[in-house]
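See below for the structure under consideration.
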Amino acid sequence: MKYRPQEIERKWRKAWDEAGVDRCPDALSAPKYYCLEMFPYPSGRIHMGHVRVYTIGDLLARFKRMRGYQVLHPIGWDAFGLPAENAAHRHGTHPAKWTWENIAFMREQLRQMGISYDWEREIATCSPDYYRWEQLFFLWMMKDGIAFRKRATLNWCGECQTVLANEQVNRDGTCFIHDQTPVTQKELDQWFLGITRYAEELLEGHRELAGGWPENILEMQRNWIGRSEGAEIRFPLADGDGEITVFTTRPDTLFGATFMSMAPEHPMTMEFARKSGREREVREFVGRVAGQDRAARTGEDQAKEGVFTGGYCVNPVTGNRIPVYAANFVLYEYGTGAVMAVPAHDQRDFEFAKKYGLPIVVVVQPEGEALDPASMPGAHEGPGTLVRSGEFDGMDSEDGKKSITRHLEGKGRGRATVQYRLRDWGVSRQRYWGCPIPVIHCEACGIVPVPEKDLPVVLPEDLPYTRERGNPLASAEGWLRVPCPACGKSARRETDTFDTFVESSWYFLRYIDPKNDRAPLDPEKMRRFGPVDQYVGGVEHACMHLIYARFFHKYLRDKGLAPGNEPFLRLLSQGMVCMQTSECPKHGWRYPEEVDENGACRQCGEKVNVGRSMKMSKSKRNVVEPSELIERYGADTARVFILFAAPPERDLDWSEQGVEGAYRFLGRVYRLVAQRAEAVASASPVWDDSAEVRRIRQATHRTLFKVTGDIEERFHFNTAISAVMEMVNILYLVEDPAWTAPATAGALREAVEILLHMLFPFAPHVGEELWARIGGEGLLCARPWPEADAALVREDQVEVVVQVNGKVRAKVTVGAGAGEEEVRALAMAETRVREHTAGKKIRKTVYVPGKLFSVVAN
RNA sequence: GCGAGAGUGGCGGAAUGGCAGACGCGCCGGAUUUAGGAUCCGGUGGGCAACCAUGAGGGUUCAAGUCCCUCCUCUCGCACCA
């Protein structure tokens, strides 16, 4: 009776498919539970990271179904993106063909894993049925002023011939695809979505998410949004009209502002230079800095550098004339692009002032210290008492922030404001394989939205893939020449496509209504199934995807489509899948199969160095192919190993021996039940009240109680499996005759039935198979989760630990309800307790009911 | 630098402030087998013991892996954001 997962798994997948048990009908017949895993990019093959997320999601989906919920558990494909175009360039395959073939292959892999998706709801974002609605949203956003065009300096990769998001620029300033190519800055007209309008709400929404989302993700989002409170202060120009507005979080240091720093890109920078005749020097500096890529410009230990623009402005409180500099560290995109420089109290300004010999004035004096500008080693950025600040002298610097801001407001020279680090979302990409942005450029009318009735703007299919780089759409003459919808003259389509994060910002809503061809989403259905109850995905999406999706959801809520304020009520961010690396001194990284059993390279026989466990990646060759794993051990083993080896949020160390262990466990369950299947099937559900029956039933119900809690409340799937393992161990110790004895057979049947229910979400195929073997009613997958009998879960006899001075000296067994006096009498009578308290005075005793009795004596 | 998380046997990992090391891997032994493998059963932190052990050191407590303080190491995120 050998466990043959391949046969079992194929058989039950087919049975479930035919019975349609994973479908989620539109009509609700039970409370809904929307369980969602982040959808994959169809890169070609499933990797272990996918196996982990989808296994975790499936466990929850299957469990919740048994718990009586109507579970919506969909899957789809994040199908637009650059890799398809790269593949096209390399192999001459059309991106669409490449993508759809990958989808077909990966769909089959997911099916083999036995993930219980409602495949009727499958979506692919590259399908016009999907992206047409995204184009519609964009038209709405244009009307609402949420989508707008702005000239912006963007990261540009000369190799890709396209803009890159900040996230796509490596730390060293190279392109995330071409890590040899430095990213440069380029000015382009781009489409933006006004996410900053929702900045405060995105922050505020964390209240709703607290508890349901991991704290570290919320923290990362808070940093990303980067709210800071401060003041806008207007500095009049010293010569002529006009003013410079700065943002500062330290209005309390205003009296110490001795010069001004401007972003090189700031329009006033060159204006000052022109007026003062310093155009040449300033232009040289501005040109050099503006052309620098992000990392070179903003790296931490980049030297502070600047140039005097020739202009002066006036400190509004001291009345002093202060010089205006252009400085490399001032960012045009943040705040107002101009900074009041307070060298005594800001390290950057301090370094800058030292370098260019600018005055340093101390205006915040820390307690018990006298700061001297000449000898200060660095800026004092902490709090203190205001000095040299006129009427504000002696005030605490915290109070000074408010007072000086109020003072400026009174004089009309400033006001309290809030700034965010979050920028508006640039969504234009110069790429072919993306959702076309539905606008038309007309020489006469300017930018004209494509009329709704003309949607979707479908990508042209017949593009020759001869161009090595750049955007093929820009040369698709037949496609881009269109009459202007406003004036009818010849015009050009927008050739940019959307950032693929736009597609992933609302796919979870479309799953609820995937086939609607009259509207993007049906509000009534959205209310029925939304929002997502449990989202599962990797931490790498903490800031981009998860913030964009929250923003999009809020916008669609404002349009009356999306339900509630937040799209994902709970988030589980699973850890990475890691494996140790092997490096051959001659051949570099080795795949596991390139190393023999003695730890030597199969190619040269040299001993390989075994490195620390790292995230599985092709480049390090420390990967295990999911399909090979499943072929060899079956999907159930893969699932059990993944869920058992580590709690979901932690990194998981891959171990071949661990996989073997999971396989062995399933074989053990299989043999236990299959060998006794007849006895179990013919047992009646009755039992006597013998100690043996009670022992079996207590083990059963206590395990059930623990497993239920571990899955439902704690998400501790590894301990749930260990509890099931313990129960299996107990059942193995039951003597053979008991399985057929009328007194015990019923209790054992109950035990096996409950065991299989508990096993099911982890290893559904073998669970279902054994359920059939014991003559179980219907399909196990459709059965309700059993309820633990509280009377059996409760202990009737408990062992109380007796401590003397903190050390365990005895154990006494008492009835569960035993009172302190009873326990004390038993405890103090114990020989070991008497030994350790002999000749000492009992100072104190503590009784923790049913657990522990502690004696303090000296 | 700032922020978050982690550090427990040979390994992965368990422990609402209450017997540290559940469960699994590995290892050791036994049964079965011609043999090996597979399977089933048992043992397995260190120490002969008193006892000692949760990164290091302090503290709170009758009681600390868990709470507090200082420090070390690792992982992740942010990083000239005014």
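Chain naming here is simple, since letters A, B, ... match the order of the sequence lines and numbering starts at 1 in each. Just so we're clear, the structure is a prediction, and the values are computed from it rather than from any experiment.
Residue-environment remark: CZ (A:Arg222) exceeds the threshold of 12 foreign heavy atoms within 6.0 Å.
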With side chain to side chain contact (heavy atoms under 4.5 Å, CB included) as the test, would you mind laying out the steps for A:Asp346 and A:Thr253 before giving the verdict?
CA-CA 10 Å; A:Asp346 182 290; A:Thr253 63; over 6 Å; no
Decide yes or no on side chain to side chain contact (heavy atoms under 4.5 Å, CB included) for A:Leu666 and A:Leu759, but give the supporting numbers first.
CA-CA 10 Å; A:Leu666 291 178; A:Leu759 184 68; 4.2 Å; yes
Evaluate A:Phe641 against A:Leu652 for side chain to side chain contact (heavy atoms under 4.5 Å, CB included), listing each step before the verdict.
CA-CA 10 Å; A:Phe641 169 70; A:Leu652 178 144; 4.0 Å; yes
Show the numbers, then the answer: is there a side chain to side chain contact (heavy atoms under 4.5 Å, CB included) between A:Thr55 and A:Leu59?
CA-CA 6 Å; A:Thr55 298; A:Leu59 171 106; 5.7 Å; no
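Counting any heavy atom pair closer than 4.0 Å across all strands shown, A:Val856 reaches sugar-phosphate atoms only and no base atom. Using a 4.0 Å heavy-atom distance criterion, A:Ser228 is classed as a sugar-phosphate-only contact. Using a 4.0 Å heavy-atom criterion, one finds that A:Lys2 contacts no nucleic acid atom at all. Residue contacts for A:Arg664: at a heavy-atom cut-off of 4.0 Å it reaches the sugar-phosphate backbone alone, with no base atom in range. Across all strands, A:Arg809 comes closer than 4.0 Å only to sugar-phosphate atoms, never to a base (heavy-atom distances). Using a 4.0 Å heavy-atom cutoff across all strands shown, A:Pro647 reaches sugar-phosphate atoms only and no base atom. Using a 4.0 Å heavy-atom cutoff across all strands shown, A:Gly226 reaches no nucleic acid atom at all. Counting any heavy atom pair closer than 4.0 Å across all strands shown, A:Arg650 reaches sugar-phosphate atoms only and no base atom.
Side-chain atoms of A:Arg348 and base atoms of B:C81 include no donor and acceptor less than 3.5 Å apart. Taking only distance into account, the side chain of A:Glu660 never meets the base of B:C25 through a donor-acceptor pair shorter than 3.5 Å.
Nucleotides B:C11 and B:G21 place their C1' atoms 13 Å apart, quoted to the nearest Å. Across the P atoms, B:C40 and B:U8 are found 31 Å apart, a figure rounded to whole Å. To the nearest whole angstrom, the two C1' atoms, one in B:A79 and one in B:C62, are 48 Å apart.
Pair check for B:C48 finds none; no Watson-Crick or G-U wobble contact set falls under 3.5 Å. Partner assigned to B:G42 is B:C28, using Watson-Crick or G-U wobble distances below 3.5 angstrom. Pair assignment for B:A20 gives none, since no Watson-Crick or G-U wobble pairing has each distance under 3.5 Å. Across all strands shown, B:G9 forms no Watson-Crick or G-U wobble pair with both distances under 3.5 Å. With a 3.5 Å ceiling on both atom-pair distances, the Watson-Crick or G-U wobble partner of B:A4 is B:U75. Across all strands shown, B:G65 has no partner, as no Watson-Crick or G-U wobble contact with both distances under 3.5 Å is found. As the counterpart of B:U70, B:A56 is assigned, both hydrogen-bonding distances of the Watson-Crick or G-U wobble pattern falling under 3.5 Å.
Between the CD atom of A:Glu215 and the P atom of B:A4 there is a distance of 9 Å, given to the nearest Å.
Under the side-chain contact (heavy atoms from CB on, under 4.5 Å) rule, A:Pro343 has a single partner from A:Ile360, A:Val362, A:Val361, which is A:Ile360.
In this entry the base of B:G9 is syn relative to its sugar, with a glycosidic angle within 90° of 0.
Comparing B:C80, B:A82, B:C23 against the side chain of A:Lys304 picks out B:C80 as the nearest.
Remark: A:Arg421 is in phosphate contact with B:A79, judged by side-chain N or O atoms under 4.0 Å from OP1 or OP2. Dashed line: the shortest gap from a side-chain N or O of A:Arg668 to OP1 or OP2 of B:A38 is not under 4.0 Å. In terms of phosphate contacts, A:Asn729 brings no side-chain nitrogen or oxygen within less than 4.0 Å of OP1 or OP2 of B:C23. Distances shorter than 4.0 Å separate none of the side-chain N or O atoms of A:Tyr420 from OP1 or OP2 on B:C81.
The residue among A:Ser854 and A:Lys851 whose nearest nucleotide of RNA chain B lies closer to the 5′ end is A:Lys851. Between A:Ala646 and A:Leu733, the residue whose closest nucleotide on RNA chain B is further toward the 5' end is A:Ala646.
Between A:Lys811 and A:Glu830, no side-chain nitrogen of the basic residue sits less than 4.0 Å from a carboxylate oxygen of the acidic one, so the salt-bridge criterion is not met.
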